[in-house]
Amino acid sequence: MRLSRYFMPILKENPKEAEIVSHRLMLRAGMIRQQSQGIYSWLPLGKRVLDKVNAIIRDEQNRAGAIELSMPTLQSAELWQESGRYDAYGKEMLRIKDRQDRPMLYGPTNEEMVTDIFRSSVKSYKDLPLNLYHIQLKFRDEIRPRFGTMRSREFMMKDAYSFDLTREAAEHSYNKMFAAYLRTFDRLGLRAIPMRADTGPIGGKLSHEFIILADTGESEVFCHKDFVDFDIPGEHTDFDSVEGLQAIFDKWTSLYAATSEMHDEAAFNAVPEGDRLSARGIEVGHIFYFGTKYSEPMGAKVQGPDGKEHFVHMGSYGIGPTRLVPAIIEASHDDNGIIWPASVAPFDVVVINMKAGDQACDDTCELIYAALSKAGKDVLYDDTDDRAGTKFATADLIGVPVQIIAGPRAVANGEVEVKDRKTGARETITIEAAINRFVA
Ligand code: P5A
């Protein structure tokens with residue numbers, strides 16, 4: 001991508017409305033724009049990061065055996081009347097009428113809709129287990145939308161829904177998502193700790209929130225400090241192994257970890273004082289097991305091996321991609337801007353032409369840009385005629401992991417400078433070596 005032809009509206013000044021660093025940096029880097037309170041456009045740079053986050057989420061959902069589909073944002077009120085949640089959900093639900101005066105709503109979550117899909121076609125236990133997910137916009141009319149896309153009214157959610165014949169089988173499905181979440185957040189460069197959590201309007205008794213520790217987090221959390229160094233399940237984790245996944249779940253729930261709603265002061269005080277971590281956190285995921293809460297009122301049942309009909313046991317599993325992007329920034333930035341983990345960086349490399357219009361600099365940059373693009377890298381080429389200082393500031397602000405800087409002096413020697421955004425380390429190497437580093 002040539003910067004001269006891209007759309008990346010950088011802000012020079014700090015926006016006044018931004019109270020936390022991620023919101024400030026997302027606005028300054030031209031990643032998002034507020035359209036109305038708590039409703040955002042994702043501008044091209046932001047969209048690139050969001051797409052990469054979603055690709056990792058999708059990859060881990062698929063690995064764990066979940067199957068992707070796509071459900072609509074607008075739902076009929078009738079479904080929610082069946083489950084009894086239409087009235088219970090309250091003012092957070094955006095209620096709409098269509099031209100025939102039929103009550104509709106902008107979905108805040110999809111338990112009812114997916115249960116309807118399930119009951120319309122699954123009739124036998126032989127078709128279980130089943131886990132269906134999508135990555136879709138949701139709307140919740142939050143009392144206090146704030147911090148940009150961290151708590152917005154329209155937001156994106158990856159929501160998965162599992163169906164099983166028995167409670168034991170449903171627990172295995174829960175454990176699959178539990179392990180998939182540990183892997184997902186790790187690949188996003190985050191340490192997320194599963195904590196016992198309140199189930200709120202989704203329901204059920206068993207639930208875990210996945211929390212990133214951050215001073216700017218909205219939740220108050222309490223946990224054992226050893227979680228910070230626990231091992232993440234590897235990529236060869238066998239998601240069909242009931243014992244294997246149970247062992248992962250048992251290990252990750254063996255020490256104290258709870259959100260403020262579930263906090264048990266006495267149990268926390270039993271943790272040795274030096275091991276107690278009482279902190280603030282950002283909830284990036286939340287998983288639930290709620291048994292037959294939706295399947296019973298909505299008549300979602302299958303024939304079991306005993307020939308009888310059984311209401312299915314369900315769970316639901318959410319991740320907030322549009323919250324994850326600011327959460328990653330909260331965890332990874334410095335005074336100059338964002339520092340993206342390579343896995344979600346909007347570009348892999350930025351090539352900075354220090355003297356656009358100078359034949360040798362132009363030729364060198366074009367050569368590098370073409371070679372790295374051909375090798376499948378996402379390359380941003382700063383071919384603008386901005387001042388060098390502006391270019392460096394922009395490259396640092398948008399947080400691309402590697403900068404290749406081509407200035408007249410180095411280029412005359414057949415060299416470029418390579419800068420690591422995270423460490424700030426710079427080295428001067430030959431143009432060929434710079435290309436080979438990414439192509440090899
Ligand atoms: C689980 C999947 C549910 O809705 N039903 C389907 C269940 N859970 S949840 O905890 O309410 O939300 C799941 C995740 O969505 C993100 N999230 C938000 N992100 C941005 N702005 C919001 N207002 C918002 N509300 C929820 C969070 O990451 C949450 O864990």
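Note that ligands are numbered from 1 as they come in the structure, with each ligand's atoms numbered from 1 the same way. Keep in mind that the numbers below use all heavy atoms, side chains included, and drop hydrogens, waters and symmetry copies.
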Report all side-chain donor-acceptor pairs from residues 152-169 shorter than 3.5 Å, counting only partners two or more places apart or in another chain.
residue: S152; atom: OG; partner: E154; partner atom: O; Å: 2.9
residue: R153; atom: NE; partner: Q37; partner atom: O; Å: 2.8
residue: R153; atom: NH1; partner: D141; partner atom: OD1; Å: 2.8
residue: R153; atom: NH2; partner: Q37; partner atom: O; Å: 3.1
residue: E154; atom: OE2; partner: Y106; partner atom: OH; Å: 2.9
residue: K158; atom: NZ; partner: Q61; partner atom: OE1; Å: 3.2
residue: K158; atom: NZ; partner: Y181; partner atom: OH; Å: 2.7
residue: K158; atom: NZ; partner: Y317; partner atom: O; Å: 3.0
residue: D159; atom: OD1; partner: H134; partner atom: NE2; Å: 3.1
residue: D159; atom: OD1; partner: K138; partner atom: NZ; Å: 3.0
residue: D159; atom: OD2; partner: H134; partner atom: NE2; Å: 3.0
residue: D159; atom: OD2; partner: K138; partner atom: NZ; Å: 3.2
residue: D159; atom: OD2; partner: Y161; partner atom: OH; Å: 2.6
residue: Y161; atom: OH; partner: N110; partner atom: N; Å: 2.9
residue: S162; atom: OG; partner: G315; partner atom: N; Å: 3.4
residue: S162; atom: OG; partner: Y317; partner atom: OH; Å: 2.7
residue: D164; atom: OD1; partner: S173; partner atom: OG; Å: 3.4
residue: D164; atom: OD2; partner: S173; partner atom: OG; Å: 2.6
residue: T166; atom: OG1; partner: A169; partner atom: N; Å: 3.0
residue: R167; atom: NE; partner: E171; partner atom: OE2; Å: 2.8
residue: R167; atom: NH2; partner: E171; partner atom: OE2; Å: 3.1

Which side-chain N or O atoms in residues 307-314 pair as donor and acceptor under 3.5 Å with protein atoms at least two apart or in another chain?
residue: H310; atom: NE2; partner: D306; partner atom: OD1; Å: 3.0
residue: H310; atom: NE2; partner: D306; partner atom: OD2; Å: 2.9
residue: H313; atom: ND1; partner: Y289; partner atom: OH; Å: 2.7

Pocket residues around ligand 1 (non-hydrogen, under 4.0 Å) come out as T109, E111, R140, E142, T149, M150, R151, S152, F155, M157, D159, Y161, I202, E283, V284, G285, H286, F288, S316, Y317, G318, G320, R323
Taken to the nearest 0.5 Å, the spacing of F139 CZ from M93 CE works out to 12.0 Å
Are there more than 12 heavy atoms of other residues, nucleotides or ligands under 6.0 Å from atom NZ of K225? yes
Side chain to side chain donor-acceptor pair (under 3.5 Å) filter on N336, not counting sequence neighbours, yields none
query: So R426 and D420, salt bridge (charged side-chain N to carboxylate O under 4.0 Å, His left out) or not? Walk me through it.
result: CA-CA 7 Å; R426 292 159 172 267; D420 181 300; over 6 Å; no
